[in-house]
Amino acid sequence: AQKVTQAQTEISVVEKEDVTLDCVYETRDTTYYLFWYKQPPSGELVFLIRRNSFDEQNEISGRYSWNFQKSTSSFNFTITASQVVDSAVYFCALSESFGNEKLTFGTGTRLTIIP
Amino acid sequence: SAVISQKPSRDICQRGTSLTIQCQVDSQVTMMFWYRQQPGQSLTLIATANQGSEATYESGFVIDKFPISRPNLTFSTLTVSNMSPEDSSIYLCSVGQGFSTDTQYFGPGTRLTVL
């Protein structure tokens, strides 16, 4: 069975600090997809990134970067120079391959950026 | 990405009543899903809404409690029947194209409070 663990329930950092959100996953599939979503206080779920299991290259998008390591089954998310607008709940999710798009979500990490 | 709307955005309902939530997409999509997010919790998949056939429910969710319709490729409804306070949650629909390389996008959610 698939499982996603986000051990950090809540994190608070002062604005401009860097912060890393951890995600550890379990799956028996050899092909799978990992996602990060952001849920701001308004409640909508905003897609941030999708990564497939064959692509272990790290990715950077502006202040956001993602570190995918199959050896440790981790897909961590780093925000550099955090801003107040980054305050939200962040969810890591996993889906199986080949058309089964059911997402298994982690429990989320509530990130608070202190001005 | 598709533009997804949900109606109502929020509602307060009495115990024992039913509420139908609508999900509308601005383009045809293959897959539509319904998720529940209980207060302070992660997202849990309720069912996959299948166009022209019965929805596929996840373990712990039944059609009598959460009947779903999907009359076409752009619209779906979820009904929460015979509500109790435990049904107070955010209900989100999501859409995808059914390909393994696809990304699932979410609607803005419906905040339901049952008194």
Side-chain angles (χ1 to χ4, degrees), chain A residues 1-10 21 23-25 27 29-55 59 61 66 88-112, chain B residues 1-11 21 23 25 29-51 55-61 88-113:
Chain A
Q2 296 177 313
K3 185 178 179 181
V4 177
T5 301
Q6 295 180 255
Q8 304 152 309
T9 305
E10 295 189 30
L21 309 183
C23 173
V24 175
Y25 62 92
T27 179
D29 288 346
T30 55
T31 302
Y32 51 89
Y33 297 84
L34 296 163
F35 302 80
W36 276 95
Y37 288 87
K38 173 183 179 180
Q39 188 176 43
S42 53
E44 77 273 22
L45 215 60
V46 179
F47 165 75
L48 296 177
I49 190 172
R50 173 177 55 82
R51 174 67 69 206
N52 73 55
S53 54
F54 295 111
D55 184 359
E59 183 158 338
S61 176
W66 291 268
V89 180
Y90 290 85
F91 290 98
C92 181
L94 171 70
S95 75
E96 298 173 341
S97 61
F98 303 114
N100 184 344
E101 295 184 49
K102 292 192 296 185
L103 288 173
T104 300
F105 282 86
T107 50
T109 298
R110 180 176 299 277
L111 176 64
T112 301
Chain B
S1 62
V3 177
I4 308 164
S5 60
Q6 284 186 233
K7 291 181 181 179
S9 58
R10 58 178 65 228
D11 207 341
I21 302 168
C23 179
V25 191
V29 292
T30 305
M31 311 292 288
M32 294 183 80
F33 305 88
W34 287 98
Y35 288 82
R36 181 177 73 181
Q37 185 179 23
Q38 295 177 299
Q41 303 297 313
S42 186
L43 285 81
T44 302
L45 180 65
I46 297 172
T48 303
N50 301 309
Q51 195 264 328
T56 305
Y57 289 84
E58 297 300 303
S59 175
F61 296 96
S88 297
S89 298
I90 299 174
Y91 292 87
L92 299 103
C93 71
S94 68
V95 304
Q97 292 298 358
F99 304 121
S100 58
T101 56
D102 192 26
T103 292
Q104 208 170 118
Y105 294 97
F106 285 78
T110 295
R111 290 179 182 268
L112 172 61
T113 301

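None of these values were measured; they are calculated from a predicted model. Sequence lines set the chain letters: A, B, ... in the order given, protein chains first and strands last, and positions in each chain run from 1.
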Should we count CZ of A/Arg110 as having more than 12 external heavy atoms under 6.0 Å?
no
Would you mind checking which part of [X] comes under 4.5 Å of any heavy atom in chain A, side chain (CB onward), backbone (N, CA, C, O), both or neither?
X	answer
B/Glu58	side chain
B/Leu43	both
B/Gln41	backbone

So what's closer than 4.5 Å to chain B heavy atoms on A/Ser42: side chain, backbone, both or neither?
backbone
Rounding to 0.5 Å, atoms CG (A/Asp29) and OG (A/Ser53) come to a distance of 8.5 Å
Is a donor on one side and an acceptor on the other found under 3.5 Å between the side chain of A/Gln6 and the backbone of A/Gly108?
yes
Taking the side chain as C-beta and beyond, is there a heavy-atom pair between A/Tyr37 and A/Leu103 under 4.5 Å?
yes
